[in-house]
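First up is the structure itself, then whatever we jot down about it.
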Amino acid sequence: PGEPIRLGVIQSDIRTLYGLGYFEDIRVVEEDGESGKIVIFEVDEKPIIRAIDYEGNDSVTLSAILERFRDAGVGLTVEIPYDETRIQRAKTELLGLLSEQGRQNATVEIETYDVPPNAIGVAFVIDEGPKIKIAEIEIVGNEAFSDGQIKGAMQLLKEAGPISSFKSQDVYHPLKMNDDITRIQM
């Protein structure tokens with residue numbers, strides 16, 4: 001109070017307020033007062049997330065989703081301001097988790113809904129798509145080693161069968177395939 005208005009201080013205050021993560025928009029208004037100018041910060045608060053729903057998750061449990069979010073440091077919980085970046089990061093992690101379960105074609109849509117008086121709910125609507133399984137592994141170009149020797153060296157992926165299905169080794173995942181290719185090349 002009583003100090004001259006300095007643009008640099010106002011810009012710093014705006015950055016500090018945005019840095020809190022609670023506001024969507026911040027405007028500065030200047031009004032005439034009895035003893036000088038009055039600086040008013042008008043803010044639009046981000047809505048608070050009151051509920052998080054997961055719809056259509058049949059191949060992964062809620063606890064697996066929450067563990068994945070925790071391990072990845074997503075930081076998505078109720079009672080925090082809505083943050084689009086955090087929501088998109090959660091979506092990416094969820095798609096990765098589904099991919100590891102053989103659901104590479106899964107899609108996740110994000111929907112929000114009002115929770116009165118000034119909050120929202122976030123729903124992750126999941127379409128898992130078909131599970132991609134390995135029906136057959138074909139080895140081409142091998143001369144020194146038989147198909148069986150090469151397939152035997154593969155530890156993470158196997159052709160569909162009763163044991164490989166039970167161990168989920170017949171579920172295709174690109175990272176597992178790359179690990180097995182590296183193992184074969186050694």
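Position 1 is the first residue of the sequence; numbering continues from there. Computed from a predicted structure; not experimentally measured.
Side-chain atoms of Ser12 never come within 3.5 Å of backbone atoms of Gly8 as a donor-acceptor pair (strictly under, hydrogens ignored). Within the 3.5 Å criterion, the main-chain N or O of Gly75 finds a donor-acceptor partner in the side chain of Arg86. In terms of modelled atom types and a separation under 3.5 Å, the side chain of Glu128 and the main chain of Asp58 share a donor-acceptor contact. A side-chain donor-acceptor contact under 3.5 Å links Lys91 to the backbone of Val108. The backbone N or O of Gly129 sits less than 3.5 Å from a side-chain atom of Asp127, completing a donor-acceptor pair. Looking at Ser99, its side chain never comes within 3.5 Å of a backbone N or O of Leu95 through a donor-acceptor pair. Of the possible donor and acceptor atoms, one in the side chain of Tyr18 sits under 3.5 Å from a partner among the backbone N and O of Ile26. When atom types are taken as modelled, the side chain of Arg50 and the backbone of Val122 share no donor-acceptor pair closer than 3.5 angstrom. Between the Gln149 side chain and the Ser146 main chain, a donor and an acceptor come within less than 3.5 Å of each other.
Shown here for Pro81 and Lys46, the closest heavy-atom pair between the two residues is CB-CB, 4.0 Å. Residues Ile38 and Gly33 share a closest heavy-atom pair of CD1-CA, 3.8 Å.
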Inset, instruction - Determine, step by step, whether Gln101 and Ser59 satisfy the side-chain hydrogen bond (donor to acceptor under 3.5 Å, both in side chains) criterion, reporting the C-alpha distance in whole Å, the side-chain angles of both residues, the deciding distance to 0.1 Å, and the verdict. - result: CA-CA 7 Å; Gln101 301 299 315; Ser59 65; 5.7 Å; no

Inset, instruction - Could you walk me through whether Lys37 and Glu31 pass the side chain to side chain contact (heavy atoms under 4.5 Å, CB included) test, one step at a time? - result: CA-CA 6 Å; Lys37 297 288 184 183; Glu31 292 182 358; over 6 Å; no

Inset, instruction - Carefully, step by step, assess Tyr113 and Glu111 under the rule side-chain hydrogen bond (donor to acceptor under 3.5 Å, both in side chains). - result: CA-CA 7 Å; Tyr113 55 92; Glu111 297 177 357; over 6 Å; no

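Taking a 6.0 Å sphere around CZ of Phe41, one finds it holds more than 12 heavy atoms contributed by other residues, nucleotides or ligands. No more than 12 heavy atoms of other residues, nucleotides or ligands lie within 6.0 Å of CZ in Arg6, so this atom counts as exposed by the packing criterion. More than 12 non-hydrogen atoms from other residues, nucleotides or ligands lie less than 6.0 angstrom from CG of Asp147.
Between Phe69 and Tyr54, the ring planes lie tilted relative to each other; the angle falls in the 30° to 60° range.
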